[in-house]
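Heavy atoms only: backbone and side chains are in, while hydrogens, waters and symmetry mates are out.
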Amino acid sequence: MSAVNSTPQSAPSEFEDILYEVEETYAVITINRPESFNSFRSITVDELIEAFTLAWGDNRVRSIILTGAGEKAFCAGGDVKQKAQTGDYGPSRYGMFRISELHKVMRSVPKPVISAVNGVAVGGGNVLSTLCDITIAAPHARFGQAGPKVGSFDAGYGSAFLARVIGEKRAREMWYFCELVDAKKAESWGLVNEVVEAGELLPRAKERARDLGLKAPTALRFLKQSFNADTEMQTGFTNLAMSALDLYAHSPESHEGAAAFAEKRTPDFSRFDGAY
């Protein structure tokens, strides 16, 4: 996937869950499921991978902005209600839930990725924002993990890379207690680069993208790859973790977390205490 086409391809008209557009020297990818707090299902992940790949191969695009539709959420992670209904994240074009591949393409795309966080970035949504090169947040943005509350976890980039970004103690706190962190605290922790007023969020992200459009693209590519090289060993752990998560997602413990979320009750994990 290192070759770049001279003729850019247009976004497929059949996108259901996302929006994709190219403006000036940057692409804007929007998770477009505001009724579900921009949570992702399998088809959402498929489309995000396709959008990032389109931006990768389009030589007009120097950087990529990732955001969510509406004003309440950037992304609330995996669609737990879908999981409670069907036991998985819904149908996929390829018969797989390819969240690990999405993480890899976001890291591998040789162009800086900016997250514009316009609300909650929870669970897998927090992981997506963490993986972006730069994060800009609105004051009402909230960041956190929810896995232990809903019968899930991310033992790959979502924990190991998060610890690299904000430190071990804070990453463990975020995962163990599942408490949301406000935008200002996230900025002080290093999870966010900048906090701007809600109405200025996307304009500021686009301004930064324009700045990147003036920089040498080959230099930016090598810089991103250099930063990634320091944590590339986490890729192997991520593969292992996602295989474990796939098994865990079909366990009674995981189903209890999803069911409790869908039924708006406190999950009862007490019967799994002896599962070790």
Side-chain angles (χ1 to χ4, degrees), residues 18-20 23 25-31 38-40 44-45 47-56 61-69 73-77 99-138 141-145 154 156-166 171 174 181 183 186-187 189-196 201-213 215 220-221 223-232 234-235 238:
I18 73 166
L19 303 174
Y20 177 85
E23 301 179 16
T25 60
Y26 53 87
V28 181
I29 301 172
T30 306
I31 304 173
N38 296 318
S39 60
F40 51 73
T44 319
V45 173
E47 292 180 356
L48 285 169
I49 293 170
E50 188 163 357
F52 274 100
T53 304
L54 282 169
W56 186 328
V61 174
R62 298 290 189 86
S63 62
I64 302 162
I65 297 171
L66 178 65
T67 192
F74 169 75
C75 175
I99 192 65
S100 182
E101 284 72 15
L102 174 58
H103 294 169
K104 290 172 188 173
V105 77
M106 289 177 65
R107 279 174 59 89
S108 298
V109 61
K111 304 172 183 185
V113 181
I114 301 170
S115 59
V117 182
N118 52 314
V120 294
V122 179
N126 186 49
V127 177
L128 294 183
S129 178
T130 302
L131 284 170
C132 291
D133 299 278
I134 300 293
T135 295
I136 304 172
R142 298 291 183 270
F143 300 83
Q145 293 301 147
D154 184 337
Y157 290 127
S159 53
F161 187 65
L162 178 68
R164 180 62 64 90
V165 172
I166 65 175
M174 184 174 282
V181 175
E187 184 182 28
W189 283 8
L191 191 61
V192 168
N193 294 86
E194 184 179 2
V195 179
V196 301
L201 179 63
L202 201 53
R204 177 58 175 163
K206 292 180 178 181
E207 179 183 2
R208 297 305 270 167
R210 291 188 195 98
D211 290 342
L212 289 168
K215 305 300 189 294
L220 291 176
R221 181 183 71 190
L223 281 168
K224 179 164 182 173
Q225 291 170 345
S226 178
F227 285 125
N228 285 351
D230 185 49
T231 53
E232 196 58 30
Q234 293 175 358
T235 301
T238 295

- Query: Looking at Leu212, Asp211, Thr25, Leu220, which one forms a side-chain contact (heavy atoms from CB on, under 4.5 Å) with Arg62?
  - Reply: Thr25

- Side chains of Tyr26 and Arg208 in contact at under 4.5 Å (non-hydrogen atoms): no

- Looking at Gly190 and Ile166, what are the two nearest heavy atoms and their distance? C-CG2, 4.4 Å

- Message: Using a 3.5 Å distance criterion without hydrogens, assess whether the side chain of Lys111 forms a donor-acceptor pair with backbone atoms of Trp56.
- Response: yes

- Item | Closest non-hydrogen atom pair, Ala55 against Ile64 | CB-CD1, 3.6 Å

- Distance (rounded to the nearest 0.5 Å) between Leu223 CG and Lys215 NZ: 11.5 Å

- Are Thr231 and Arg107 linked by a side-chain donor-acceptor pair shorter than 3.5 Å? yes

- Indicate yes or no: at least one non-hydrogen side-chain atom of Leu48 is less than 4.5 angstrom from one of Met106. no

- Task: Kindly say whether Ala116 contributes a backbone atom to a donor-acceptor pair with the side chain of Thr67 at under 3.5 angstrom?
- Result: yes

- Task: For Ser39 and Cys75, work out which heavy atoms get closest and say how close.
- Result: CA-SG, 4.5 Å

- Item | Non-hydrogen side-chain atoms of Tyr157 and Ser100 separated by less than 4.5 Å | no

- Message: Closer than 4.0 angstrom, basic N to acidic O: yes or no for Asp230 and Arg164?
- Response: yes

- Item | Full working for side-chain contact (heavy atoms from CB on, under 4.5 Å) between Val117 and Leu201 | CA-CA 8 Å; Val117 182; Leu201 179 63; 5.6 Å; no

- Item | Residue pair Val120 / Phe74, side-chain heavy-atom distance below 4.5 Å | no

- Query: With no hydrogens and no angle check, is any side-chain donor or acceptor of Asp133 less than 3.5 Å from a backbone partner on Val113?
  - Reply: yes

- Walk me through it: do Ile18 and Thr30 pass the test side-chain contact (heavy atoms from CB on, under 4.5 Å)? CA-CA 5 Å; Ile18 73 166; Thr30 306; over 6 Å; no

- Query: Side chain of Asn38, backbone of Ala69: donor and acceptor closer than 3.5 Å?
  - Reply: yes

- Kindly indicate, with the supporting measurements, whether the criterion side-chain contact (heavy atoms from CB on, under 4.5 Å) is fulfilled by Leu202 and Arg204. CA-CA 5 Å; Leu202 201 53; Arg204 177 58 175 163; over 6 Å; no

- Message: Within the structure provided, determine whether Leu162 and Val127 are in side-chain contact (heavy-atom separation under 4.5 Å).
- Response: no

- Item | Nearest atoms (heavy-atom pairs only) where Ala73 meets Asn118 | O-ND2, 3.3 Å

- Are the side chains of Val122 and Phe143 in touch, meaning some heavy atoms are under 4.5 Å apart? no

- Answer yes or no: is there a side-chain heavy-atom contact under 4.5 Å between Glu23 and Lys206? yes

- Would you check if there is a donor-acceptor pair between the side chains of Thr135 and Ser115 at a distance under 3.5 Å? yes

- Item | Exam field: side chain Lys224 to backbone Val109, donor-acceptor pair closer than 3.5 Å | yes

- Applying salt bridge (Lys or Arg N to Asp or Glu O under 4.0 Å), run through Arg210 and Glu207 and close with a yes or a no. CA-CA 5 Å; Arg210 291 188 195 98; Glu207 179 183 2; over 6 Å; no

- For Glu187, enumerate each residue passing the salt bridge (charged side-chain N to carboxylate O under 4.0 Å, His left out) test, keeping only those at least two apart in sequence or located in another chain. Lys184

- Message: Give me the atom names and distance for the closest heavy-atom approach of Ala141 to Ala137.
- Response: CB-CB, 3.9 Å

- Non-hydrogen side-chain atoms of Leu19 and Ile29 separated by less than 4.5 Å: no

- Residues Leu66 and Cys132: closest non-hydrogen pair is CD2-SG, 4.3 Å

- Are the charged groups of Glu101 and Lys104 less than 4.0 angstrom apart, N to O? no

- Verify side-chain contact (heavy atoms from CB on, under 4.5 Å) between Tyr20 and Val28, making sure each step is shown before the conclusion. CA-CA 6 Å; Tyr20 177 85; Val28 181; over 6 Å; no

